[in-house]
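Each remark here refers to the structure printed beneath this line.
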Amino acid sequence: MIGEGIQSTNQRKHSYVRDNVEVGFFTDPTVCIGCKACEVACKEWNEVPDDGYVWSGNSYDNTGHLGASTWRHVMFLEQDRAKGNQIAGPMSLDEDPFRWVFLSDVCKHCEEAGCLEACPTGSIVRTEVGSVLVQNDVCNGCGYCVVSCPFQSLPDRIDRVWPTR
Amino acid sequence: MDLGIRDRNRINHRDAPGVCVFPMTTDSPSEKRLEELREQAWKDGVVAGKGVDVAGGPIPRKPGYYGQPVVKPPVWTWEIPIYFFMGGMAGMSAVIASGAIIFHHVDLARAAMWVACIAGAILSPVLLIMDLGRPHLFLNMLRVFKHRSAMSMGAWILSTFGACTVPGLIALELHANQIFPGTLDQLLRVVAGFFIFGSAIFGTLLATYTGVLIGATAIPAWFLHRTLLPIHFGTAGLGSAAALLELLGHRIAALNFLGFYAATVETALLIWLSVDKHGVADRAIHEHGSGWLIRIGEVLNGPLSLVLRFFGLVPFAAISFLLGALVSRFGWIAVGKVSGSDPESVFDAERY
């Protein structure tokens, strides 16, 4: 049958899927400094529109979550240091009360992708390099992929104002 | 507050629920509070009190990632619960029609097929198309057939149901009014029977697949009750069909029995739902206000309808059942929205 996720014939014939090549995107949060350059580069490269110029009030993260206009998102996680009460006011260099962990987050392109299985129009497909792709011009905005993704990677819903390109 | 730029070249930004978004001004309340904290910190060296998460950063900590939803809550609006109600009623009234054909109740079969046609073949597709983000592309639903996608199966079930009920109703009306004489009339009778049985089969699927549809998602309150949902939707559909036909004047014992049966099952489901708790994971049902919609709906079409029917107040029982079926559908969608925006439920649901 057409478009049945990883079970379908048009998926099996891709060499990546056939040979079980596992492709991943490795980010090392211990080295990341939270500069968000990857977020900016993703927007520039893919010509993704802005998220609206708003402040979320959450740490330095004003993007919040993945979505239609956010294909890469840097999470700012605040963690206690081992002893960690916060000491406000003047601080010396060696007492750092809490630390940040940064996590650059993207769509996982799951092997058994919930959105791909759920899509009733066949708009979400697996490409020849094994990634999951939403074909914008085929999608009719039913919103079922939104609730089928366990990582909230899908846009809210492709809406009437979304340009077809 | 939505500060997205609204022109046709941009995405309509909807803020996820629970996210506090405010414009950058110096006089916003949080900025003022931050200034106070800075002053206090400068004077005393230590800050205590409300507004400060003493253990961690300067921002009050919420579960998960600043209280952000972990999965996206459903985006469906009022059309979907009404479609669940209409589809369930239409599907099950085709089942009643096929029963009526077997027992030669032609009038009941005609009424039931009219209900199936109007609710299932006209109103349901219209409601579904209205809810799409891009209604003009609704035919894309029929370009693939995926047995692993409940929505794809639903689109095909609804289409096949429509394709069975409309010719079934036409053939039945032609046969019942004796438009054609002799063998042609006999042929019409066979054709009507064929299509009505077809619509009964697809009607059963139409009434129950909606429960599977919302059960097969990442929303905790839904997938934790994936067994209950199809049973509830199917029974509510059966009861609604019987109730509507009774209100249309078909007061026969069989429909009364169906009403008793549906109300009894709904009562059992109400008990099951209140016993089958999953703690934090499905707290939207048991603790949040939208859970009351489900409970009120289930009481209306369960115990209340049963009692009214027991005392012979059939029209009131029918109205109560119809109302209950509608309200509980709205409740399930509302609960999904609450549960999907609640990060703690999603984390907790991973245990099940």
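None of the values given here were measured: they were computed from a predicted structure. By convention in this document, chain letters (A, B, ...) are assigned in the order of the sequence lines, proteins followed by strands, and residues within each chain are numbered from 1. Only heavy atoms go into these numbers, but all of them, side chains included; no hydrogens, no water, no symmetry mates.
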Kindly give the heavy-atom pair with the smallest separation between [X] and [Y], and that separation in Å.
| X | Y | result |
| --- | --- | --- |
| N140(A) | L132(B) | O-CB, 3.5 Å |
| C149(A) | A218(B) | O-CB, 3.9 Å |
| A150(B) | Y144(A) | CB-OH, 3.7 Å |
| E112(A) | R148(B) | OE1-NH2, 3.0 Å |
| V144(B) | T121(A) | CG2-C, 3.6 Å |
| V138(A) | L137(B) | O-CD1, 4.2 Å |

> Using a cut-off of under 4.5 Å for heavy-atom pairs, which of G114(A), S148(A), G64(A), S123(A) has the most such pairs with chain B?
Replying inline: G64(A)
> Taking the side chain as C-beta and beyond, is there a heavy-atom pair between P120(A) and M141(B) under 4.5 Å?
Replying inline: yes
> Are any non-hydrogen side-chain atoms of F151(A) and V70(B) less than 4.5 angstrom apart?
Replying inline: no
Donor-acceptor pair, [X] side chain versus [Y] backbone, under 3.5 Å?
| X | Y | result |
| --- | --- | --- |
| Y65(B) | F76(A) | yes |
| K146(B) | C119(A) | yes |
| R134(B) | C139(A) | yes |
| K72(B) | C145(A) | no |

> Which value, rounded to the nearest 0.5 Å, describes the distance between M75(A) atom CE and Q68(B) atom CD?
Replying inline: 8.0 Å
> At what distance, to the nearest 0.5 angstrom, does SG of C142(A) lie from CZ of F138(B)?
Replying inline: 14.5 Å
> Tell me, side chain or backbone of I80(B) under 4.5 Å from chain A's heavy atoms, or both, or neither?
Replying inline: neither
